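Every chain is numbered from 1 and lettered A, B, ... according to where its sequence line falls, protein lines coming before strand lines. Everything numeric here is computed off the predicted structure, so don't read it as measured data.
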Protein chains: 2
Amino acid sequence: MTPDALAGALSSDLERIVGLFRSLSPASGLSMTAAATLASLERLGPQRLTLLAAREGVTQPAMTQLISRLEDSGLVRRGASQEDGRVVLVAITDEGRATLARRRAGRTERLAGILAQLGPDHRAALASALPALDALASIPRDDDLVRTPAR
Amino acid sequence: MTPDALAGALSSDLERIVGLFRSLSPASGLSMTAAATLASLERLGPQRLTLLAAREGVTQPAMTQLISRLEDSGLVRRGASQEDGRVVLVAITDEGRATLARRRAGRTERLAGILAQLGPDHRAALASALPALDALASIPRDDDLVRTPAR
DNA sequence: ATATTTATATCATGTGCTTATGTAAATTGG
DNA sequence: CCAATTTACATAAGCACATGATATAAATAT
């Protein structure tokens, strides 16, 4: 299979799978961007506001506001950087982690129900595709490359 | 692998893949819901407003407004039902199909660029996972079951 | 030391969602 | 059948969340 054909097929499947994902996600009071940002913070550790904005594909003012809301809700914490007095390092709190965990538990539970309806063969195929999916999920995004100083 | 473990692993990968998908989708002036609704209309044919709302996980008023906007943009058409004078059957237009196609082309192009960075082994694994992904994408949603008349 | 750049915040505005409610068509029950 | 209820959609008011323009303070460069 050519890379282009693979991209086309994947793109088509992804479109519908994202829809499935959205219908699986419990109404936790978090917007898609909020949930994705929290997940990034949990996975990558404390991050600068600007990096978060680039990573989630929103503008910097939008991220400033989102972080303010998340901070008010107690899900993240603003911290200062020691090297640079301008930067804000955003970190997830225990409460933020707990909220994420609840969200995931709900989604996983519904997904398990759906997988149960699938045939064992399809389940096996999905299980064997996990490393590839993980590779897909782990692909560096543009914004990860932003921090390449020209030396 | 147990179904529950599979659900957990899938759920975790999906969370990050959705983020990738969002960053791949071109800014076509369509919201996520708008794009998903258009895609549903293309795939399933004309649909009632209420069914669309349930399928996309928004309220009925939200769908009424969305359809009005899409109609103003010429991407969908409102039609009447012959059996029931209350229902509105929403259909995608040729322009709507063209818009969807452009969106997909942009996404596919970026995805192809990313896949090229992956190793051939990972590409092969993804290719072999396509049937399973397709099965996952084809799983009926709750709202598809709504139409089960009690006889 | 001044000018420029960078990181974040603030403000004004617009879109898209929600809840509450209205209207007309279909269905139900006496 | 006709009044009451239900169903499908529309409308309205308000809030969440995004954008673009701009301000401020810290760091860097000339």
Side-chain angles (χ1 to χ4, degrees), chain A residues 19 22-23 25-38 41 46-73 75-91 143 146-151, chain B residues 19 22-23 25-38 41 46-73 75-91 143 146-151:
Chain A
R22 292 210 309 164
S23 76
S25 296
S28 56
L30 292 179
S31 70
M32 287 280 278
T33 308
T37 301
L38 266 187
L41 287 175
Q47 298 288 319
R48 298 175 172 217
L49 249 165
T50 311
L51 263 182
L52 283 176
R55 163 166 280 271
E56 307 305 339
V58 299
T59 58
Q60 171 265 314
M63 187 54 69
T64 292
Q65 295 175 47
L66 170 58
I67 294 303
S68 297
R69 287 193 302 272
L70 290 176
E71 194 176 26
D72 289 346
S73 307
L75 305 183
V76 305
R77 213 179 0 247
R78 270 186 168 93
S81 162
Q82 302 217 325
E83 305 115 22
D84 192 323
R86 297 166 300 177
V87 318
V88 167
L89 286 180
V90 185
D143 47 275
V146 167
R147 304 302 311 169
T148 315
R151 183 62 178 97
Chain B
R22 292 209 310 164
S23 75
S25 296
S28 57
L30 292 180
S31 70
M32 289 280 278
T33 308
T37 301
L38 267 188
L41 286 175
Q47 297 288 320
R48 299 177 171 215
L49 249 164
T50 311
L51 263 181
L52 283 175
R55 164 165 280 271
E56 306 306 337
V58 299
T59 58
Q60 170 265 314
M63 187 52 69
T64 292
Q65 295 172 32
L66 170 58
I67 293 303
S68 297
R69 289 193 302 270
L70 291 176
E71 194 176 26
D72 290 344
S73 308
L75 305 183
V76 305
R77 213 179 3 247
R78 269 188 169 91
S81 163
Q82 302 217 326
E83 306 115 21
D84 192 324
R86 296 167 300 178
V87 319
V88 167
L89 286 179
V90 185
D143 46 276
V146 167
R147 304 303 311 167
T148 314
R151 182 62 176 96

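B:L66 contributes atom CG, which lies 8.5 Å from atom CG of B:L52 (distance to the nearest 0.5 angstrom). Between the OG atom of B:S31 and the CD atom of B:E56 there is a distance of 10.0 Å, given to the nearest 0.5 Å. Taking CD from A:Q65 and CD from A:E71, the interatomic distance works out to 13.5 Å, rounded to the nearest 0.5 Å. Between atom CG of residue A:L89 and atom CD of residue A:Q82 there is a gap of 9.5 Å, rounded to the nearest 0.5 Å.
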>> Between B:R55 and B:Q47, does the side chain to side chain contact (heavy atoms under 4.5 Å, CB included) criterion hold? Intermediate values first, please.
In response: CA-CA 10 Å; B:R55 164 165 280 271; B:Q47 297 288 320; over 6 Å; no
> A:S68 and A:R78: side chain to side chain contact (heavy atoms under 4.5 Å, CB included), yes or no, with the steps?
Replying inline: CA-CA 9 Å; A:S68 297; A:R78 270 186 168 93; 3.3 Å; yes
>> Can you build the contact string for nucleotides 17-22 of chain C? Use B for base contact, S for sugar-phosphate-only contact, and - for no protein heavy atom under 4.0 Å.
In response: BBBB--
Listed pairs, N/O of protein and of nucleotides 26-30 of chain D, under 3.5 Å:
from   : atom 1 : to    : atom 2 : distance (Å)
D:dA26 : O3'    : A:G85 : N      : 3.4
D:dA27 : OP1    : A:G85 : N      : 2.8

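Side-chain contact between B:V90 and B:R77: absent, with no pair of heavy atoms (C-beta onward) separated by less than 4.5 Å. Looking at A:M63 and A:T37, their side chains come closer than 4.5 Å, going by heavy atoms from C-beta outward. In this structure the side chain of B:L30 reaches within 4.5 angstrom of the side chain of B:L70, judged on heavy atoms.
Comparing the axis of the opening five pairs of the helix from C:dA1-D:dT30 to C:dG30-D:dC1 with that of the closing five pairs yields an angle of 10°, rounded to 10°.
A sub-4.0 Å separation between OP1 or OP2 of C:dT8 and a side-chain N or O of A:T64 is absent. Taking side-chain N and O atoms only, A:R48 has a distance below 4.0 Å to OP1 or OP2 of C:dA7. Listed pair B:T50 / D:dT7 fails the phosphate criterion, with no side-chain N or O lying under 4.0 Å from OP1 or OP2. The shortest distance between the side-chain N/O atoms of B:R78 and the OP1/OP2 oxygens of D:dA10 is below 4.0 Å.
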